[in-house]
Amino acid sequence: LWEKSGLEPYADVKNVHYAVLAPKDLAEDVRAFFRDVSAAYEECSMGRHSPMPFDSVSLIGNSVPNDSNEYENGTDCVTLAEERMIQQYHLSATGLAAKLTAVSKDARSGDSLGPNFVIYVVSPFLRQRRCAIAALLQAVTPLMTCVSSSVVQVPSSSSIPSVLVS
């Protein structure tokens, strides 16, 4: 595929471990989707795309019903059901951040996992629920704590961006 199109990956082969935060009611679909993503990643000779060594798919409640209309604090931005789901994502993100920090430290000490990981967050909200999606993104910010220790500074004279996240 790459050869026929005259395209190739920009960087060398990079093995990646992943973790997923997703609603419980999408469990089978999420697992099937990421099996397909892993197969495609490897088929394109980009490296291995494999789940973290711990339970890499964190399942969080069920998706919020579309007819839920009780709003938090009297506003019309985030419903109570959405707020509960967002809190569950926050708790899962905090736990996942602790696990990833430990894995990242092990990788720097010479463990075979390597420091490259991707965190996928599957939103339980419809696209139109912008306030809920924004709150969800804020709820998963604990995941950034484990990434900040993996940021590598590149000399400014280089032609590549000044900060790379591995």
Side-chain angles (χ1 to χ4, degrees), residues 1-3 5 7-64 82 85-127 129-130 132-154 158-166:
L1 178 70
W2 290 104
E3 297 83 17
S5 300
L7 302 172
E8 61 185 50
Y10 178 74
D12 291 333
V13 169
K14 188 173 284 191
N15 295 331
V16 176
H17 294 277
Y18 69 88
V20 182
L21 298 176
K24 277 183 189 173
D25 54 340
L26 299 178
E28 291 308 312
D29 293 334
V30 165
R31 285 190 174 97
F33 176 79
F34 284 102
R35 275 193 302 270
D36 292 346
V37 168
S38 294
Y41 189 86
E42 293 172 22
E43 187 177 304
C44 291
S45 302
M46 294 170 56
R48 288 189 41 87
H49 181 267
S50 53
M52 287 285 186
F54 48 82
D55 187 20
S56 63
V57 178
S58 298
L59 300 172
I60 305 159
N62 285 321
S63 294
V64 178
E82 289 168 341
M85 178 64 85
I86 290 165
Q87 289 171 355
Q88 290 176 16
Y89 266 82
H90 178 73
L91 291 172
S92 291
T94 302
L96 180 57
K99 290 177 186 178
L100 291 172
T101 299
V103 167
S104 199
K105 286 178 185 173
D106 289 345
R108 284 192 299 264
S109 67
D111 187 12
S112 61
L113 274 180
N116 304 313
F117 55 85
V118 178
I119 305 157
Y120 298 98
V121 179
V122 179
S123 174
F125 307 122
L126 296 174
R127 179 183 292 160
R129 300 297 303 142
R130 290 188 178 117
I133 293 169
L136 176 65
L137 291 173
Q138 187 174 12
V140 298
T141 56
L143 294 170
M144 293 307 295
T145 61
C146 62
V147 173
S148 64
S149 62
S150 300
V151 174
V152 177
Q153 294 292 331
V154 177
S158 174
S159 62
I160 37 184
S162 60
V163 176
L164 296 177
V165 178
S166 54

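Residues Arg127 and Arg130 approach most closely at O-CG, 3.8 Å, considering heavy atoms. The two residues His17 and Pro51 come nearest to each other via the heavy atoms ND1-O, 3.6 Å. Nearest heavy atoms, Gly47 versus Glu42: O-CG, 3.0 Å.
In this structure, CG on Leu91 lies 12.5 Å from CD1 on Ile86, to the nearest 0.5 angstrom. For the atom pair Leu100 CG and Met52 CE, the distance stands at 4.5 Å (nearest 0.5 Å). For the atom pair CG of Leu136 and OG1 of Thr141, the computed distance is 10.5 Å after rounding to the nearest 0.5 Å.
By the 4.5 Å heavy-atom criterion applied to side chains, Val122 and Pro23 are counted as neighbours. Side chains of Tyr89 and Gln138 form no contact here, defined as non-hydrogen atoms less than 4.5 Å apart. Residues Leu21 and Leu143 form a side-chain contact, since some pair of their non-hydrogen atoms from C-beta on lies under 4.5 Å apart. Using a 4.5 Å heavy-atom threshold, the side chains of Lys14 and Met46 count as separate.
Under the side-chain contact (heavy atoms from CB on, under 4.5 Å) rule, Arg31 has a single partner from Leu59, Leu26, Val20, which is Leu59.
A side-chain donor-acceptor contact under 3.5 Å links His90 to the backbone of Ala139. Although no hydrogens or angles enter the test, the distance criterion places a donor-acceptor pair under 3.5 Å between the side chain of Ser38 and the main chain of His49.
Counting heavy atoms of neighbouring residues, nucleotides and ligands inside a 6.0 Å radius, atom CD of Gln87 exceeds 12 of them.
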